Amino acid sequence: MTQGEIAEFRRTLSELRQCVGALRSRYGDAPAVRRLVNDVERLNIDVEEFEGSGSDRVAPPRTPADRSEVVVVPDTPYDPSLWEDADDEGVGGYHGKRL
């Protein structure tokens, strides 16, 4: 993020803070208003952390995973006996023998 983008973000955050302040004046300390106030403060904290992290640097390219860590999952169908006596989640259990 460039300095111009950060400045634009801060300007927009300031406008958002004013809007949330107007909501607080109108609706008081309602839970939704408190959450919005918290969200605005969290955004402010996040942009400060972002600025301090040296965000202008380009992230290093990711290295490919070590082949020893790769687990190959075959495309062939699983053995149906694997699912014997298993319940279908969300449908309820099967009680008794399946036909």
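Predicted model only: the values in this text are computed from it and were never measured.
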* To do: Just jot down the side-chain hydrogen bond (donor to acceptor under 3.5 Å, both in side chains) partners of Q18, sequence neighbours excluded, or say none.
  => none

* Could you state whether Y78 and V72 fall into the same hydrophobic cluster, counting links through intermediate Ile, Leu, Val, Met, Phe, Trp or Tyr residues with side-chain heavy atoms under 4.5 angstrom apart? => no

Show which side-chain atoms of residues 22-46 pair as donor or acceptor with protein atoms under 3.5 Å away, not counting sequence neighbours.
{"residue": "S25", "atom": "OG", "partner": "G21", "partner atom": "O", "Å": "3.1"}
{"residue": "R34", "atom": "NH1", "partner": "D29", "partner atom": "O", "Å": "2.8"}
{"residue": "R42", "atom": "NE", "partner": "D46", "partner atom": "OD1", "Å": "3.0"}
{"residue": "R42", "atom": "NH2", "partner": "D46", "partner atom": "OD1", "Å": "2.5"}
{"residue": "N44", "atom": "OD1", "partner": "R10", "partner atom": "NH1", "Å": "3.3"}
{"residue": "N44", "atom": "ND2", "partner": "E48", "partner atom": "OE2", "Å": "3.4"}

